Structures are given as structure tokens and as C-alpha cells.
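Heads up: the structure comes next, in C-alpha cells.
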Amino acid sequence: MRIGSLFFSTLREDPADAEMPSHRLLLRAGYIRPLGAGIYSLLPLGMRVNMHVTQVVREEMNAIGAQEMLMPVVHPADLWRETGRYDQIGPEMGRFKDRGGRDMVLAMTHEEVVADLLRKLVSSWRQLPQQVYHFQTKWRDEPRSRGGLIRVREFTMKDAYSADRDEAGLDHSYNLYYHAYTRIFARLGLKTIAVASDVGMMGGSQAHEFMAFSEFGEDTLVICDSCKSASNRQVAQVRKATPASEAPLPLEEVATPNAPTIEALAAQLHIGQEQTAKVVFFVDREERLIVAIVRGDDDVEETKLTNAIGARDLRPAREEEIRAGNMVPGYASPIGASRALVVVDDLAAASANLVAGANREGYHLKNVNIPRDFTPDHIVDIASVKSGDRCLTCGDPLRLEKGIEVGNIFKLGTRYTAALGAEFLDEGGVKRPIIMGSYGIGIGRAVACIAEAHHDEKGLAWPVAVAPFDAHVALLGASKDPRVEASATALEAAAVAAGLELLVDDRNESPGVKFADAELLGAPWTVTISPRSIDAGGAEMTRRTDGERSVVPLAEVTERIVAAKRAEREQIEADLSARGFPPVYSAPSTTG
RNA sequence: CGGGGCGUAGCGCAGCUUGGUAGCGCGCGUCGUUCGGGACGACGAGGUCGGAGGUUCAAAUCCUCUCGCCCCGACCA
């Protein structure tokens, strides 16, 4: 490919509204262009990376026996009504009517369609297990898209689905995907960790998220280096401290002017924050006021709270809603409150003589004891893990990291098959619901995460497995010396024979522009052909990652690139085998 | 949905406070010179100032409404 015919344009200056490096560089280098909020076109460069990522995913899916297919992006709403999700899911689902007035939805995911196919196609245990996958557009009307390709509204997802006879089969399928995903992200050059996670809107019994480490990550990962275990902070549990046992003292009201925050309160009373109770208010979808109480040194983890009480769509309460429950914001406690669901963190409940609000402006209560002074509806872990907390299993200190979710695996169970009547007859002639799992990877997000992980101040630096071109060929002095164009033509022919793709920059631009663009676009190699390089013996090869440079005979350029590609792939395979993830799935392993 | 910011040429911005000819840099076109680290000169193309309404002799500028985008909090691949 000659660069002059490539459909793209680079930007010399940074786009004003791009914050994340991947967003900024993918825009600047001409890989993507926005069409609207969270809606992007992939330009040919971006599509090339996308296709390479897709191919790696496809190879690993096929390797575990999954079959590629394609399901529609527009679904009849009735199918989603059958599983209840049409009403459960809020405005993030795209809805419209077709010309006949029928309700239709834009696919956010494909559990319904798979379960529908299962009930139509599968009737016997002999037809199980099955695994299918596709690469398909999803529309999710995110309340807030951001970060370029990191978080968008329309995106391509590889979603795979397993269908098994029983839980043991599901466990096996789940392990297959755990294995395949580990291999996929390693091959894509992403450092990821699988963390135990919340099941969210998918439902089901168990889930892992594959997280790429990134300082721009939206999720916080809780990692125990001793146990080699990791969880999303949303569900992570810790070994809680045992509060000193004190005899409960009588309640006592104290004046605490201008102390609506825990910090101010603790400072004013000269006590530690752990001696206070923090009260946080939420309202669920049924407009129920929820009072969540943790110790002053903790924060409420909303996902834990949501799961603990089976709530949906929690949002922070407004001040008037708090007052309607007879509580005073800033000085609140459930003592004397009405009409609220009270959830207390187990640590707070075990702590004696806490300071809590008096529901009177400027006053707090000392020596609050739970449940002596009020009766919680739930006592359960709802505290957010913080740095310094200790591992539930081994007691060692936990480490917190930021990550971006690039893939997830869910044990769905019979959530969808039971609702849709996707059943099979077992050997005994007994009708049973099919057991499902679902497994997603956001392709565009993976591309963005790779860009996040592989760039420098000059531009992108793609791993060879996904680079849009194997090499960027910069021609210098071609107008003066016909040997340059002749060499380029010869190199292009050699590349075709070797199965390599080159981007040849034959523009009439200054060398600085060509080098800068080569570094911005991020091909693994820059091959410079000039009268000088020809006199020196051929072409100059520069490795993008470390700038290592050498002059090699023109005839050896392609074999050098091929050898480097092979070496990188072999290194990745060696690393994967050492970690227990060889090309062929061998044994169950979901530890970690 | 709450908070903050921004919409002026393809990109980055100035002009707005104090209303009166729409500007700068980069990029783009033609010609010439240059040619191993974002070259130089000459000439040139390109804008309903996001949109609608209002105030005014006159609106990019003031007022109202509206649309869009970005960033920070509640969701997810």
C-alpha cells in the first residue's frame, strides 16, 4: 500500500477534547473518527488493527471448539419480554417500532437469541454441549461515553455462548473460556488479570472480568499477591478487623457545630474516624429510602449494597428525600427515623460506642451501639475495600490497582433457558433446562487498550500481532535517485511473497515529516530506503519499540521481519505454556 | 441525570468584556527552490461564527431558547 492512496489523514496537533493517550493517538494518527458521542468510524488503519484483533480472537475461539455464526442486531421486543429484560433494562436499550408498529430493540447482547435458537434446535442431551460465537454490533445507550474507543455506545463485541447439560459441563466450558481469554490477551500484548466480579444485569452464579491494567481504568482491582487471587472492588471481601470489646455506654448527645462531615466530626471530638458511623442515603427504583451505615473510616460499596438487599438502580438520595425520612443530612442516624430500609456494615455493627448523628442540626450522639439503639434490616458487608485492608484468605495486605475491563465470562445457569423454555431430554427421559454461559470481548476496547499499553510520546507502537502494517517504508530522495523507487518496488514484491504488508511513504515530503508519521502510525519497523542506505548496502531498519537501527541488504529485509514476528509469537507461546496455558486446553484451572 | 467546560475554515486557537470590514498558526492547491528528523518563497482556495428567536440603524459579540461535543460523579465489553 502506498501512503498516498491510504484513506486517512494525520493531525499535527493534538485534538483538543481527547484526554486518554489511546484516544488522542488513534485520532491523530488517522485510525478513527467520531461521528457522534460514543459513535466512531474505524478508518482503514483502525479497521486493519480491528481485523487483526478479531483474527486472534477467532483462532482462540475455534481452538476450544466454538463455532462462528452471526445473529441479528435488531430483535423483536417480544423475545426480550419473555425473559423480562425488556422491562428490567432501562434507557440504555435502544427501542423503536418497525413499519408495522411492532416493538423492536437494538441488540445489547445476545443471550435471548441464543436461548431462542437452543429451544428451536436442541431437544436431546446428545446435542450438548454446544458453543457458538459471533462478532456483532452492540448498541448500548451509555449515559456517558468517554475515552475514545474505551467506552462507546456502538461497538463490536465477540460474544460467545456455551450450552451444557449440567453444572459440571458449565464448569468445563467456563474453564475453556478462561483458558482461551488468557491466551487471547497475551497474544494481543495486553497484561491482564482475571478478577472475580459482579454478575450485574446478566445474572448467574459466577463471573470473572479480564482487566487490562491502566491508570485510566474505571475499575479498582483488589489483588492479593500471596494468594494470587484478585477481585473487582465491587465484590471484594476482606478480613475485617475485630473491634476492641467495650462495655456499651449510655447514649449521650453532644454539640458538634459545623461538623457535617466525618473529618470535621472526628477532628472536633478528637477521636479517630473509626469511632464514628458514616451514614449514606440511597433511593432504589421503587423510591424506597435506603440508609447505609459503615464505620467512619470506610466507604459504602454500592454494588455490595445493591446485591445485599436485592435492589435495582440505586441512586444517591436527594436532601428532601432524606428529610422525608425524619433525618437530618450531615447529622443523620436511623435513631428516630422512619420509613427507611437500614443496612449496616458488619464491622460497624460490631463496633461499640460509635458517634452518630442526632438528627438535629449541630448535634451528634455518643455511644451508639447497634442493635441496642436501632434495629437494622440487614447487617452485612457493604464496605468498600481500601488500601491497607487484609486478604480474607491469608490476612496479608491487599494491593489496589486500576484496570479496564476488556473481557468477561459469566456462568449464566438457567436464567434465560428456563424463561424461554429451552429444554432437553436427558438419558432418563427427564426434561431439563439447558445450562448457559456467556463470554464477551469488546474488540474496539481491546484495540484502545493495546494502544494504551503500547505507545510513547511520539506515537503508537503496535505489537506485531495487531499492527496495521508489518513495516512502514520511508523513501528518501526518490526524485533524485531512481535506485530508491526501484528498491521500493523490489521490496514490495518480496513482501507479497513473504505474506507481509507494507505501507510505503513515497510522498514528496521532507524526511522529518516521514519519520514523524512513521512513529505516529506505529508500525513495528520503519524501513528507510535512500541513496545513502543503498550506498551503505541496502535499507535501514529501525525497530519502533526501542529505536534499534541497522542497515541490512534489501533482500534480507522481509526475512528479518518474518523472523522477528515468529520470535515474538514463540516467546508469547513459551510464556503461556509456562503459565499453564498451552495452545490446546488441557486441564481445568480457574484459580486466580 | 447532577456538576464543570467548550462550539468561529479540515485541525489548534484569537476576536466577544466595550456591537460596526471575520483573523492567526498548521494543514490544503499551483509554481519554483529544497530533500536523513515536522524546509523556504510567491500566489491561492476555504467560514450560513452550532441552530432558532429577540434587542439594535447594525450581532461572532448583548438577551432568551435550543442542539451538539468534551471532562468529573451513578452503568458496562
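In what follows, every chain begins at residue 1, and chains take the letters A, B, ... in the order their sequences are listed. In what follows, every heavy atom counts, from backbone to side chain, and hydrogens, waters and symmetry copies are set aside. No experiment lies behind these values; they were computed from the predicted model shown.
Residue contacts for A/Arg144: at a heavy-atom cut-off of 4.0 Å it reaches a base atom on one of the strands shown. Nucleic acid contact for A/Gly147: sugar-phosphate only, since backbone atoms but no base atoms lie under 4.0 Å from a heavy atom of the residue. A/Asp14 comes within 4.0 angstrom of sugar-phosphate atoms only, judged by non-hydrogen atoms across all strands, and of no base. Across all strands, A/Ile443 comes closer than 4.0 Å to no nucleic acid atom at all (heavy-atom distances). Residue A/Gly36 is classed as a sugar-phosphate contact, given heavy-atom separations below 4.0 Å to backbone atoms only.
Under the 3.5 Å distance criterion, the side-chain polar atoms of A/Asp345 are matched with a main-chain donor or acceptor of A/Ile382. Under a 3.5 Å cut-off, the side chain of A/Gln136 and the backbone N or O of A/Met71 do form a donor-acceptor pair.
If you check the side chains of A/His208 and A/Tyr174, you find a donor sitting under 3.5 Å from an acceptor.
Ranking B/rA74, B/rA77, B/rC70 by closeness to the A/Val152 side chain, first place goes to B/rA77.
What separates CG of A/Asp219 from C1' of B/rA77 is a distance of 11 Å, to the nearest Å. A/Ile441 places its CD1 atom 9 Å from the C1' atom of B/rA77, with the value rounded to the nearest Å. Going from atom NE2 of A/His134 over to atom P of B/rA77 covers 14 Å, rounded to whole Å. To the nearest angstrom, P of B/rG68 lies 13 Å from CG of A/Leu35. Distance CD (A/Glu19) to P (B/rC69): 17 Å, rounded to an integer number of Å. In this structure, CZ of A/Phe281 is placed 22 Å from P of B/rG2, rounded to the nearest angstrom. Between the P atom of B/rG27 and the CG atom of A/Leu27 lies a distance of 19 Å, rounded to the nearest Å. For the pair A/Glu111 CD and B/rA77 P, the interatomic distance rounds to 9 Å; values are reported in whole Å.
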Quiz item: For nucleotides 34-43 of chain B, read 5' to 3', which letter fits each nucleotide if B means a protein heavy atom sits under 4.0 Å from the base, S means only the sugar-phosphate is that close, and - means neither?
Solution: -BBBBS----
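For residues 30-41 of chain A, the side chain to side chain donor-acceptor pair (under 3.5 Å) pairs, not counting sequence neighbours, are A/His23-A/Tyr40, A/Tyr31-A/Trp462. Screening residues 520-536 of chain A for side chain to side chain donor-acceptor pair (under 3.5 Å), with sequence neighbours left out, gives A/Arg483-A/Asp535. Each salt bridge (charged side-chain N to carboxylate O under 4.0 Å, His left out) pair with one or both residues in residues 445-457 of chain A, not counting sequence neighbours, appears once here: A/Asp456-A/Arg544.
Nucleotides B/rA39 and B/rC69, compared at atom C1', are 36 Å apart to the nearest Å. Across B/rA45 and B/rG29, the matching C1' atoms stand 7 Å from one another, rounded to whole Å. Nucleotides B/rG54 and B/rG38 have their C1' atoms positioned 48 Å apart, rounded to a whole Å. Comparing B/rU61 with B/rG46, their P atoms sit 24 Å apart, to the nearest whole Å. Distance check on atom P: B/rG68 versus B/rU30 gives 39 Å, rounded to whole Å. On the C1' atoms, B/rU21 is 15 Å away from B/rG47, given to the nearest whole Å.
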Distance-only donor-acceptor hits, side chain of residues 506-513 of chain A, under 3.5 Å, sequence neighbours excluded:
from, atom 1, to, atom 2, distance (Å)
A/Asp506, OD2, A/Arg2, NH1, 3.0
A/Arg507, NE, A/Asp505, OD1, 2.9
A/Arg507, NH1, A/Asp517, OD2, 3.4
A/Arg507, NH2, A/Asp505, OD2, 2.9
A/Arg507, NH2, A/Asp517, OD2, 2.9

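One N or O donor and one acceptor, one from the side chain of A/Arg445 and one from the base of B/rC76, sit under 3.5 Å apart.
Contacts of A/Glu548 classified as salt bridge (charged side-chain N to carboxylate O under 4.0 Å, His left out), with partners at least two apart in sequence or in another chain: A/Arg543.
Residue A/Glu302 is the one, among A/Glu302 and A/Asn408, whose nearest nucleotide of RNA chain B lies closer to the 5' end (criterion: closest heavy atom).
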